Amino acid sequence: MSQRPVREVSTREGYDLWSSIYDTEGNPLVALDSLVLPPLLGDVAGLRVADLGCGTGRYTSWLAKRGATVTGLDFSQGMLDQARTKLPDGASVTLQQADLTKPLPLDDGACDLIVSSLVLEHLGDLRPFFAEVRRICRPQGRAVLSTMHPAMFLRDLQAHFVDEQSGEEVRFESHSHQISDFVMAALSAGFSINALNEHFGEEGLASGNPRMDKFRGWPMLFVMDLTPSQISV
Ligand SMILES: C[S@@+](CC[C@H](N)C(=O)[O-])C[C@H]1O[C@@H](n2cnc3c(N)ncnc32)[C@H](O)[C@@H]1O
């Protein structure tokens with residue numbers, strides 16, 4: 001466990017503070033997520049995609065470079081400012097400040113694909129969020145959602161970074177949901193489950209990331225691949 005002084009802040013303040021170093025400070029969970037999600041997303045050319053909690057635009061820019069039309073939503077202005085700096089020329093991207101605990105600023109069925117990575121652990125109540133994801137997903141669409149694995153909370157871990165100036169570990173408000181909470185929120189919203197995956201830390205998994213080694217054999221990331229249930233009437 002960290003010996004550093006800990007400072008607890010709200011989620012939004014935490015990400016505003018983290019934004020300038022988020023992409024470069026070598027967070028092992030972010031590194032693992034970067035290995036897992038892109039192959040799952042597949043060919044996104046021509047798709048209308050929402051990146052919910054888009055942060056610094058890791059996936060917004062990845063999707064836009066591959067021909068998707070992307071709406072990136074996030075409530076942290078600091079993270080959105082970083083995202084703006086990395087959009088490819090001519091990209092079809094809208095970045096908008098929005099709180100994911102409120103109704104989303106997208107029409108019913110507006111998206112072919114919804115991506116949300118490492119965000120669910122910050123939402124206290126999962127069900128309204130999943131209901132909104134289902135609302136904006138077209139009937140033949142898909143949602144791919146990743147989150148910090150619940151087992152990470154057993155190690156007293158939550159989203160955080162080290163402020164090199166103050167020496168403090170800055171922790172942001174996070175919520176420990178169980179796998180059953182995610183599954184039930186998805187089913188109640190009207191999704192079917194294509195796949196659930198749990199990803200473990202492995203030595204050298206994200207090469208050059210020594211912070212990954214201490215998670216060897218430990219569940220780090222949980223990923224849901226969802227599609228709207230086809231209910232015949
Ligand atoms: C760990 S970052 C992930 C960013 C990006 N998806 C990625 O994978 O790099 C979590 C993001 O969720 C955003 N977030 C958390 N709670 C939110 C909320 N209620 N409304 C909007 N954004 C939120 C944060 O501002 C932050 O940018």
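Atoms within each ligand, like the ligands themselves, are counted from 1 in listed order. All values derive from a computational prediction rather than experimental measurement.
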Taking side chain as C-beta onward, heavy atoms only, is [X] less than 4.5 Å from [Y]?
| X | Y | value |
| --- | --- | --- |
| L73 | T71 | yes |
| H149 | H199 | no |
| W18 | S76 | no |
| D33 | R58 | yes |
| V170 | V162 | no |
| V133 | L52 | yes |
| Q77 | L80 | yes |
| L126 | H177 | yes |

4.0 Å heavy-atom contact, G14 with ligand 1: no
Would [X] count as a polar contact of ligand 1, with the cut-off being nitrogen or oxygen pairs under 3.5 Å?
| X | answer |
| --- | --- |
| H122 | no |
| S117 | yes |
| V119 | no |
| R58 | yes |
| L52 | no |
| T56 | no |
| L118 | no |

Once you restrict to heavy atoms under 4.0 Å, what part of [X] touches ligand 1? Side chain, backbone, both or neither.
| X | result |
| --- | --- |
| T11 | side chain |
| F75 | both |
| S116 | neither |

Nearest protein heavy-atom contact for [atom]: which residue, which atom, what distance?
| atom | result |
| --- | --- |
| atom 27 (O) of ligand 1 | D74 OD2, 2.6 Å |
| atom 2 (S) of ligand 1 | Y15 CE2, 3.4 Å |
| atom 20 (N) of ligand 1 | L100 N, 2.8 Å |

R66 to W62 six-membered ring, cation-pi geometry met (6.0 Å, 45°): yes
Best match, G53, A98, S34: closest heavy atom to atom 21 (C) of ligand 1: A98
E121 and T147 side chains, donor-acceptor separation under 3.5 Å: yes
Whether F182 and F222 hold their rings parallel, tilted or perpendicular, with breakpoints at 30° and 60°: tilted
Enumerated ligand 1 atoms positioned under 4.0 Å from heavy atoms of [X]:
| X | answer |
| --- | --- |
| D99 | 18 (C), 19 (N), 20 (N) |
| G55 | 4 (C), 27 (O) |
| C54 | 5 (C) |

